[in-house]
Asker: 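Before anything else, here's the structure in question.
In what follows, every heavy atom counts, from backbone to side chain, and hydrogens, waters and symmetry copies are set aside. Counting convention: from 1, in listed order, for ligands and their atoms alike.
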Amino acid sequence: MTSGSGDDTARLWRNARLASFSPALPGIGVIEDAAIAVRDGLIAYAGPESELPAALGKTETIDCEGRWITPGLIDCHTHLVHAGTRANEFEMRLQGASYEEIARAGGGIVSSVRALRAASEDDLVAETLPRLDALIGEGVTTVEIKSGYGLDRDNEMKALRAARRLGELRDVTVRTTFLGAHALPPEMNGDKAGYIEKVVADMLPAVAAAGLADAVDGFCEGIAFSPAEIARVFDAARRLGLPVKLHADQLSNLAGAALAASYGALSADHLEYTDADGARAMAQAGTVAVILPGAYYFIRETKKPPVALFREHGVRMAVATDNNPGTSPLTSLLLTMNMAATLFGMTVEECLAGTTREAARALGLLDEIGTLEAGKRADFALWDIGQPAELVYRMGFKPLHRRVYRGR
Ligand code: DI6
Ligand code: FE
């Protein structure tokens, strides 16, 4: 090793083909006959091997044997920390029960709240690890995890602490999002205004003071919270200096996308019912559209997110699993890409950018991850594929050859 720091992460990955997603290159940013030099967990060089600075070549070298390398995949919208499944509700729905009937029978989101409140932090970590490992096994190096099944201060904080611990237990970056405004907890007896007051005056300040949230999210929907209620949560987030994102226009158009954009949200997510005004506002604000085909598929929604409108207005699109027990029990980001392509007509390039560069943008992390460029973290994935389209095309196949996290 020639690294002056004696750092053991100085390595050269050579004889590779890069899908770099560098904005300086067209499409997926292909670089043939390429090399990636890593120093101190960061990319020191990513480009043609023939142009590699000589000093960077004098180190431990790994021959990639012509394999494709992409940035490490990023799942930018999950509710990965939850307790129990809702497989029983799935069976009830298959037998014809509606969401309302299931909710009346004590099911739905409230059953996940009950289960999470009964679980210890250790239980949550243990239960979530297999889901996290499934994502990691497909080349994921960054995952966003929301709270939203605790719905009181202590249980929301428990879930967020569990999420943080997952990032210590595995070689993966965890970004946490406080989703206190996800649903109304049963003990509030229908008092939405009272609950929002608790969220902004008690829960969010405590979560922020403990450093447990990297962002704040809400569910803006008839069955959840109104735009005015979400605005109160966003105002509180702004006072605390936390970026916001929003579950918007999933089941109806409450102009959630435009609301998110008006707060400069990092992303607006779901967006099945978003209209041209919403798309325009998002484009102007630079708010990323996070497309979640798993929930669309699982609840057999028929209204598709307006991908063509997003393209027309220049809205960036990310793609994520939305892993949650109720509407998207999905732990494959590769299958999610296939769904985005097959169900919504997203292109291979959009799907791959949507789980790398655009997902990084949706998390506010584009300066650090999401592309293979000098200065970014050395998070990447080596694939046993003939062409990048295979990552989107196949279903249920695991083509990951090797995952590199911070150069290791
Ligand atoms: N939208 C969804 O699809 C999930 N949350 C949300 O805001 C549903 C969560 C659940 O049913 O447990
Ligand atoms: Fe969600």
Asker: I'd like the atom name of the N/O/S atom in Asp322 lying closest to the Fe ion (ligand 2).
Answerer: OD1

Asker: To which protein heavy atom is atom 3 (O) of ligand 1 closest, and what is the distance rounded to 0.1 Å?
Answerer: Thr327 OG1, 2.7 Å

Asker: Any idea which heavy atoms bring Ala276 and Leu309 closest together, and the distance?
Answerer: N-CD1, 3.6 Å

Asker: State whether His270 contributes an N/O/S atom found under 2.8 Å from the Fe ion (ligand 2).
Answerer: no

Asker: Only to 10 degrees, please: what angle do the NE2 atom of His247 and the NE2 atom of His77 make about the Fe ion (ligand 2)?
Answerer: 90°

Asker: Do you know which two heavy atoms are closest between Ile62 and Arg11, and how far apart they sit?
Answerer: CD1-CD, 3.4 Å

Asker: I need the nearest protein heavy-atom contact for atom 1 (N) of ligand 1: residue, atom name and distance, please.
Answerer: Gln250 OE1, 2.9 Å

Asker: Report yes if the distance between the aromatic ring centroids of Phe380 and Tyr405 is under 6.0 Å, otherwise no.
Answerer: no

Asker: Closest non-hydrogen protein atom to atom 5 (N) of ligand 1, residue and atom name please, with distance?
Answerer: His182 NE2, 2.8 Å

Asker: Taking the side chain as every heavy atom from C-beta outward, state whether Asn324 and Asp322 have any atom pair closer than 4.5 Å.
Answerer: yes

Asker: Can you list the atoms of ligand 1 that are under 4.0 Å from a heavy atom of His247?
Answerer: 1 (N), 6 (C), 7 (O)

Asker: Please state whether Arg86 comes within less than 4.0 angstrom of ligand 1, counting heavy atoms only.
Answerer: yes

Asker: Considering only NZ, NE, NH1 and NH2 on the basic side and carboxylate oxygens on the acidic side, decide whether Arg67 and Asp384 come within less than 4.0 Å.
Answerer: yes

Asker: For Tyr149, take its heavy atoms, then give the atoms of ligand 1 lying under 4.0 Å from any of them.
Answerer: 9 (C), 10 (C), 12 (O)

Asker: Compute the minimum heavy-atom distance from His82 to ligand 1 and say whether it is under 4.0 Å.
Answerer: no

Asker: Decide yes or no for Arg164 and Val174: does some side-chain heavy atom of the first lie under 4.5 Å from some side-chain heavy atom of the second?
Answerer: no

Asker: Looking only at non-hydrogen atoms, find the nearest pair between Ala295 and Gln250 and report the distance.
Answerer: CB-NE2, 4.1 Å

Asker: When you measure from the centre of the six-membered ring of Phe178, is the NZ or CZ of Lys146 closer than 6.0 Å and no more than 45° off the axis?
Answerer: no

Asker: Find all atoms of ligand 1 within a distance of less than 4.0 Å from any non-hydrogen atom belonging to Gly326, and give their numbers and elements.
Answerer: 10 (C), 11 (O), 12 (O)

